[in-house]
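Below, read A as the first sequence line, B as the second, and so on, with proteins coming before strands; counting in each chain starts at 1. No hydrogens, no waters, no symmetry mates; every other heavy atom, side chains included, goes into these values.
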Amino acid sequence: MHTTLRVRRYNPEQDHPSPYYQEYDLAFDPSDSVLDGLIKVRETIDDSLTLRCSCRGAICGSCGMRINGHAALACKTKIISVAPLGETIDVEPMNNMPVIKDLVTDMAPFWEKIRQIQPWLRPAEPAPVAEYLAPPESMNHLAGVMSCIMCGVCVSDCTVLEVDTNFLGPAALAKAYRFVADHATSPHQTVWRPSMNQAACGIARAVWNVFRSAQKASGRWIELWHCDQRAWRATYHPPAVPGMQKYSRTSSSIKAF
Amino acid sequence: MISPPTYDVLIVGAGLAGMRAAISAHQQGASVALLTKVHPVRSHSNAAQGGINAALTDRGDKWEDHAFETVKGSDYLADQDAVEVLAQDAGHDIITLEHMGVIFNRNDEGQLGTRRFGGQKKARTFFVSDFTGQAMLHVLYEQLMQAKIPVYEEWFVTSLVKDDQGHCAGLVAFEMRTGQFALFRAKTVIMSSGGLGRVYEPSTNALICTGDGMAVAYRAGAPLMDMEMVQYHPTTLKGKGLLITEAARGEGAYLLNKQGDRFMKHYAPTMLELASRDVVSRAEQIEINEGRGMNGCVFLDCRHLGRAFLQDRLGQIYAEAQTFANIDLAEELLPIRPGMHYQMGGIKTDTEGRCWDIRGQWNGLPGLFAAGETACVSLHGGNRLGANSLLDTIVFGRRAGQCAANYARTIPSPTISARSMEADQHLIATILARKGPGERPAALRLEMGTTMNRYVSVFREQEGLETARQHIQALKARWPGVTIHDKGQVFNTGMIAVLELGFMLDCAEAIIAGALTRKESRGAHFRTDYLDRDDEDWLQHILLYHQPGSEPLTDFLPVTITQWQPQVRVY
Ligand SMILES: Cc1cc2nc3c(=O)[nH]c(=O)nc-3n(C[C@H](O)[C@H](O)[C@H](O)COP(=O)(O)OP(=O)(O)OC[C@H]3O[C@@H](n4cnc5c(N)ncnc54)[C@H](O)[C@@H]3O)c2cc1C
Ligand code: SF4
Ligand code: FES
């Protein structure tokens, strides 16, 4: 079978660098992913086509890009599913982050936001000699958020980020939630607050929408809707911030989603 | 020009081994930095699905049992002092990880829960659903952020640099985003650059697993050991070779041939599907070779486990089978076959991660340390037990970090000149200057991979190995003609492919040299022309020293035996 990959290219070393589109005709196998297609191009047609990839199995989070306008992992997207009749496939770098070259984007802003929430466990008391005891369900619950592979796909498609670059974005919020919801330590994990303010200011629905699309794109299930009262309360007292009024509403509407 | 500060401990690779080493060296008060060719959380450690072993005494387990099963798994080639360290430190290191925030699955009492893995009678594998490696990797990265340890992200290391006394004193690397070279001075370097899976085609390993660190250390004079011991995993998907975790069998899945027979009962009557990996892979290959497979595969049967259980405990492979093989595990058989998975061998180290011998019994490279898959302590000997590799990265990453930090305190700052990077800069310039059609690096890589997979795999023999050696030699001769069309400095992945190919060819050569030397069958190294294990002649390690332009120099080291005398190995 045949398809055409129409790739948005950008080479910063050209004299007057500006993005352009280049088409590559490609024979493909029904089992091939878009990543397989791109690698074939890179290895047999044009080695200057630049992208990041590593695991080929939707685990490492390297190959986020826009495929026909929507961000997705290229290794997880079958060519046959986006071009069943051999239609042309548009391949572009992720949105909401600067492009370095071709499909390679600068993820530094993404990681800056992760750092902002100070995502490390700070237990209240010295750790026990053995492990923390925890109900199995609570760990399974956290596993849902911990399975985020930090691919940036949700950030690329985030409509809030398009208008407000300060918004932490779904991945960072999910990371923050992991610490808030931890039974052993959440009451003491105060770093969540700034991000909580953001969620409080009426954008939770947008977050949710992005999660939905991210979940579709990456196949990861981010369980924000499980965000129970306990977790929100744990991080959000006393209610001395101006956004609090709005916050309470948002909190309950999240539960209702 | 970038001129980085001088570090006490400079770490190549930010997978589990590298990050664990960084954290422990930092805790010892050393100045530390990491270099990595991909962002730390993109490291290949994130692919580990199944889990990590430890014998916890308060769970009624004994470290001696874990150690013995590791030694037996290794077909008695592992150094038993190293295995004892691994098994004894395991409990403490797992609990430390849990305290750092790894959300291990729990049992009904709320304690860490276990699952079974191959080659072990007891369930002692701790896990996070089926993304254990990723969960650990992300938590170590959190710790790295907290400690504010600098990471040179997307920097590609090209060689090690020695001072006039032959002490490792730093390295040469370039920033992928700009193509700029820099010389890094360091009192010690820890090599934790992961495995070499891409030397084979197919392989379960990620595209970045190209044996860079092994080749770089080898070229600088550190010996490689046990290189002939390449593990084929029993359950990989046809095509690209993606892995189906051993946890599937640990949780109760069967292996069937095309007649629906659970054939492992003929090969390992007691342990069945959970015998050591070399045993299961050989059994599968025999079934396939003797016509009881289908399209080069046998089958993994998970149907009796039920959909809910599969989704809950094996969610990632449930999804993987769907996406990559179009198979519904709850209702269909999954075709699988043995595939290249892990390199037991690597840069020879002692139990503190040192790549030189303080007693002087073998020659190494003072100042260099190694940990993780790139290193060979030797823990895994002829065959690694599933879930022992993550443990290896954590235990020996920590120990290497500690030892390097302490050692750095005792030595003066390195003196090497900026000219040390000229050779690598020159090489890059030469590659970029090549004109004309030339050969593409990918073409050579494919030839190398298929050659290795054909002649240096589950079954080996003299003639095939000789053929492989000639092929690899020919490829090495063609490497200087490889041409890329991207002549830029910014993120030139074509250039990276050329350099990685060069590293892989050195690794391939070492694997073949080891396999030709070892004239017996042990663990993953099964020779159809020497069917038996021969403890009299071959209870020893093969050390290989790089010789530019010719075959490696071979040396031997006796296996360290402490409490377990070699026995016949049955499962
Ligand atoms: C699919 C799969 C599943 C597995 N499952 C399990 C399991 O369940 N249990 C288990 O115990 N083991 C498992 N293993 C094995 C285990 O995951 C690996 O052996 C282990 O994670 C290796 O860790 P590492 O830290 O040594 O290297 P890696 O995690 O591979 O890290 C290597 C690092 O080195 C860097 N690097 C490499 N070359 C260069 C260079 N030239 N310049 C700069 N940086 C460089 C990379 O960027 C990376 O950061 C599995 C392996 C695979 C392939
Ligand atoms: S939330 Fe999903 S889409 Fe976003 S970074 Fe994590 S895995 Fe990727
Ligand atoms: S290559 Fe790793 S996520 Fe796609």
Side chains of B/Tyr152 and B/Glu175 only: does a donor on one sit below 3.5 Å from an acceptor on the other? no

Heavy-atom distances under 4.5 Å only: say whether A/Asp102 touches chain B with side chain, backbone, both or neither. neither

Compute the ring centroids of B/Tyr200 and B/His341, then answer whether they are less than 6.0 Å apart. no

Based on non-hydrogen pairs under 4.5 Å, which of A/Gly61, A/Cys55, A/Cys75 is most in contact with chain B? A/Gly61

Rounded at 0.5 Å granularity, tell me how far CG in A/Asn11 sits from OG in A/Ser18. 10.5 Å

For A/Trp111 and B/His39, take the angle between the two ring planes, folded into 0 to 90°, and tell me which bin it lands in: parallel under 30, tilted 30 to 60, perpendicular over 60. parallel

Top contributor to chain A interface from B/Gln49, B/Met100, B/Gln111, B/Arg177 [non-hydrogen pairs under 4.5 Å]: B/Arg177

Applying a strict 4.5 Å limit to non-hydrogen atoms, the region of B/Glu154 in contact with chain A is side chain

Looking only at A/Arg42, A/Arg115, A/Arg52, most heavy-atom pairs under 4.5 Å shared with chain B are made by A/Arg52

So which residue, A/Leu49, A/Asp36, A/Val129, ends up with the most heavy-atom pairs under 4.5 Å with chain B? A/Asp36

Counting heavy-atom pairs under 4.5 Å with chain A, which one of B/Thr204, B/Leu242, B/Leu112, B/Asn326 comes out on top? B/Leu112

Under 4.5 Å, counting heavy-atom pairs only, tell me which of A/Ile114, A/Leu51, A/Thr44 racks up the most with chain B. A/Thr44

Tell me, do B/Leu446 and A/Glu43 make a side-chain contact under 4.5 Å, heavy atoms counted? no

Would you mind telling me which of A/Cys60, A/Pro128, A/Ser48 has the largest number of heavy-atom pairs within less than 4.5 Å of chain B? A/Cys60

B/Glu500 vs B/Arg198 side-chain heavy atoms within contact, under 4.5 Å: no

Does any heavy atom of chain A fall under 4.5 Å from the side chain of B/Ser203, the backbone, both, or neither of them? backbone

Which answer fits A/Ile39, side chain, backbone, both or neither, if we ask what part of it has an atom under 4.5 Å from a heavy atom of chain B? side chain

From A/Met139 CE over to B/Phe104 CZ, what is the distance, rounded to the nearest 0.5 angstrom? 11.0 Å

Flag the pair B/Asn107 / B/Thr114 as yes when at least one side-chain heavy-atom distance between them is below 4.5 Å, and no otherwise. no

So for B/Glu320, is it side chain, backbone, both, or neither that comes closer than 4.5 Å to the heavy atoms of chain A? neither

Within this structure, what is the NE2-CD distance for the pair B/His138 and B/Glu142, rounded to the nearest 0.5 Å? 9.0 Å

Engaged part of B/His485 at the chain A interface, taking heavy atoms whose separation is under 4.5 Å: both

Bottom line for A/Glu13: the part with an atom under 4.5 Å from chain B's heavy atoms is side chain

Residue part contacting chain B, namely of A/Ser81, when any heavy atom lies under 4.5 Å: neither

Using a distance-only test with no angle check, is there a side-chain donor-acceptor pair under 3.5 angstrom linking B/Thr36 and B/Arg42? no

